[in-house]
K.L.:
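Pasting in a structure now, in structure tokens, and then I'll have a few things to ask.
In what follows, every chain begins at residue 1, and chains take the letters A, B, ... in the order their sequences are listed.
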Protein chains: 2
Amino acid sequence: MRILIIEDNADLAANIGEFLEGRGEIVDYAGDGISGLHLAVINSYDAIVLDLSLPGLDGLELCRRLRAEESRYVPILMLTSRDTERDKLLGFDMGADDYLTKPFSLPELLARLRAMARRAHAPQSLLQVADLELNLRTLIARRGERRLELSPIGRRMLEKLMRASPAVVSRADMVNAIWGDDPPDSDAALRTHIHALRAAVDQNNPVKLLHTMHGIGYRLAVDDAI
Amino acid sequence: MRILIIEDNADLAANIGEFLEGRGEIVDYAGDGISGLHLAVINSYDAIVLDLSLPGLDGLELCRRLRAEESRYVPILMLTSRDTERDKLLGFDMGADDYLTKPFSLPELLARLRAMARRAHAPQSLLQVADLELNLRTLIARRGERRLELSPIGRRMLEKLMRASPAVVSRADMVNAIWGDDPPDSDAALRTHIHALRAAVDQNNPVKLLHTMHGIGYRLAVDDAI
DNA sequence: GTCTTCGATGATCAGGATGCGCATGGATGT
DNA sequence: ACATCCATGCGCATCCTGATCATCGAAGAC
């Protein structure tokens, strides 16, 4: 998952971030509301951790503005300092999906983030394209009866491609989905991973699913599909 | 937006309704399938929230009957109680546009409703001229049943021509559409690409679509059209 | 009306640029 | 030690371009 942390307490943000990164998530940070909103609009996150009290633009206002955007829906988990704040929040209900009162345990934070993200994708928690399927809960991918061995990056690429299918995923979108703001220097890395993914998906199968759109990107679909 | 909620659980319906009204939406209620279907046919909603399990007429059946109507298409979001129910749904696919498994977050429900409504009014991503079509999402072009092999520049030229059809696209416009501010030195490049595009589109077909307007530009249309 | 003329366009091809697949080895973290 | 990731280098495929020659069409001369 790609997660945005909006939190002005640098120590807390670092704590959360290190923990999440240790569990294989990709984390971006924002120290204030303005830059947080900006990042949230620019990029596409699977979930946002948002502190209620922020300098500049507070959590409630940020939430409201983000929901006002007609763009993609992003699950938001709000952090509050005291129970009283939280109760007040529930009355207001500015559009957060879940709440957590400090102090909290990091494993619980992660669990809630995953639950939110899973619900957000609920109808598609089993992605299917032709005889290829990816279970987002177990993270197991299959092509027919054969189970595919994928690296974490390979899985994310596959997920991105399957969600977009049968549309094309541009190289830029793919790079952004995998590495976010910090892509590797050359684009050779993407080529290498595509190569590995293609080997996993299409090897030993006459029906090819992963197609290259020269100069544009990649596309996952049965060849003659629309 | 005007939204219809068909849900027999009065508490849940009230919850959803209050939330949506708090966000400025207009909400109608139905407590069972029969009255829900009636309301849906009489009025014109931007979206419908439909519980799968209903007394009298269940969600699937209601969905089917509503789709059988020759009237306006209404986006339907189906609520299901358990993942198992949802899996069954995916198999049946009775025409709902989206699914949400209880429990769900209200902001997400709203986001999905808005997304559905927006999608219902989405700009056409399939361009058509006679039996020629170009899918802008998959970037696949067809002439009848035959699939066309196009280069990136060929695709952009075709898109430009199809959008303009049946009007003429001047050479200057075409050059600008493809290369922008940095056109090639000679106009030979454009001629070459037009040649390639003509070969792809009109070869082996008595009905020619790509016409040259001498001294003006190019035009994509059936010969005898205006 | 017909012919002539010349600029505009079509057809074709080869060289060069670019994009991409693929194999390999080193770097990194666990 | 192992998996994973990423950079390098090579070779192939595709694409783009410019050159050249053939053809077409509009406009004026007769």
Side-chain angles (χ1 to χ4, degrees), chain A residues 17-27 139 141 147-158 160-161 168-204 208-220, chain B residues 139 141 148-158 161 168-180 182-204 208-220:
Chain A
E18 280 169 18
F19 178 79
L20 294 180
E21 282 171 353
R23 302 307 179 88
E25 314 298 348
I26 303 172
V27 180
L139 295 182
R147 183 159 161 187
L148 308 184
E149 301 294 335
L150 297 179
S151 69
I153 285 191
R155 254 193 303 273
R156 282 206 291 271
M157 291 202 316
L158 183 60
K160 178 81 177 165
L161 285 165
V168 179
V169 177
S170 74
R171 299 177 79 84
D173 283 352
M174 183 62 86
V175 167
N176 191 51
I178 296 178
W179 291 285
D181 304 325
D182 190 30
D185 298 340
S186 80
D187 64 342
L190 178 60
R191 291 211 304 274
T192 302
H193 287 296
I194 281 285
H195 175 64
L197 181 59
R198 175 170 287 142
V201 171
D202 281 338
Q203 212 164 45
N204 304 324
K208 305 304 180 190
L209 292 180
L210 181 50
H211 304 283
T212 300
M213 305 300 285
H214 200 285
I216 302 176
Y218 298 93
R219 178 173 172 272
L220 191 74
Chain B
L139 300 182
L148 308 184
E149 301 293 337
L150 297 180
S151 71
I153 284 191
R155 254 192 303 272
R156 271 184 290 175
M157 292 201 316
L158 183 59
L161 286 164
V168 180
V169 177
S170 74
R171 299 176 77 83
D173 282 352
M174 185 62 86
V175 168
N176 190 54
I178 297 178
W179 291 283
D182 189 30
D185 299 339
S186 81
D187 63 344
L190 177 60
R191 290 211 303 277
T192 302
H193 285 113
I194 281 286
H195 172 65
L197 181 59
R198 196 191 306 271
V201 171
D202 283 338
Q203 211 165 46
N204 305 324
K208 305 305 181 188
L209 292 179
L210 180 50
H211 306 284
T212 301
M213 308 303 285
H214 200 89
I216 304 176
Y218 299 94
R219 175 172 174 274
L220 192 74

K.L.:
What integer distance in Å separates B:Met213:CE from C:dG10:C1'?
P.N.:
17 Å

K.L.:
Using whole Å, what does the distance between atom P of nucleotide D:dT4 and atom NE2 of A:His193 come to?
P.N.:
11 Å

K.L.:
In whole Å, I'd like the distance from the CZ atom of A:Arg191 to the C1' atom of D:dT8.
P.N.:
10 Å

K.L.:
Which of the following nucleotides, D:dC5, C:dC20, D:dT17, is nearest to the side chain of A:Ser151?
P.N.:
D:dC5

K.L.:
So which nucleotide from D:dC5, D:dG18, D:dC15 ends up closest to the side chain of B:Pro152?
P.N.:
D:dC15

K.L.:
What nucleotide among D:dC6, C:dG21, D:dC15 has an atom nearest to a side-chain atom of A:Thr212?
P.N.:
C:dG21

K.L.:
For the pair made of CZ in B:Arg156 and P in D:dC15, what is the distance, rounded to whole Å?
P.N.:
13 Å

K.L.:
For a 4.5 angstrom cut-off between non-hydrogen side-chain atoms, does B:Met174 reach B:Leu161?
P.N.:
yes

K.L.:
Check A:Asp173 against A:Lys160 and note the closest heavy-atom contact, atom names and distance.
P.N.:
O-CE, 4.1 Å

K.L.:
Using whole Å, report how far NE2 of A:His214 lies from C1' of D:dC12.
P.N.:
10 Å

K.L.:
In this structure, how many angstroms lie between the C1' atom of D:dA26 and the CD1 atom of B:Ile216, rounded?
P.N.:
12 Å

K.L.:
Side chains of B:Thr212 and B:Arg198 only: does a donor on one sit below 3.5 Å from an acceptor on the other?
P.N.:
yes

K.L.:
Does a nitrogen or oxygen in the side chain of B:Trp179 sit under 4.0 Å from OP1 or OP2 of D:dC16?
P.N.:
no

K.L.:
Taking all non-hydrogen atoms of both residues into account, name the closest pair between A:Ala200 and A:Leu150 and its distance.
P.N.:
CB-CD2, 3.8 Å

K.L.:
Of B:Thr192 and B:Arg171, whose closest DNA chain C nucleotide lies nearer the 5' terminus?
P.N.:
B:Arg171

K.L.:
To the nearest Å, how far apart are B:Leu139 CG and D:dC15 P?
P.N.:
13 Å

K.L.:
Check the distance between D:dT8's P and A:Asp185's CG and give it to me in whole angstrom.
P.N.:
8 Å

K.L.:
When rounded to the nearest 0.5 angstrom, what is the spacing between CG in A:Asp187 and OG1 in A:Thr192?
P.N.:
9.5 Å

K.L.:
Any side-chain N or O of A:His195 less than 4.0 Å from the OP1 or OP2 oxygen of C:dC20?
P.N.:
no

K.L.:
Respond yes when some side-chain nitrogen or oxygen of A:Tyr218 is under 4.0 Å from OP1 or OP2 of C:dG21, and no when none is.
P.N.:
yes

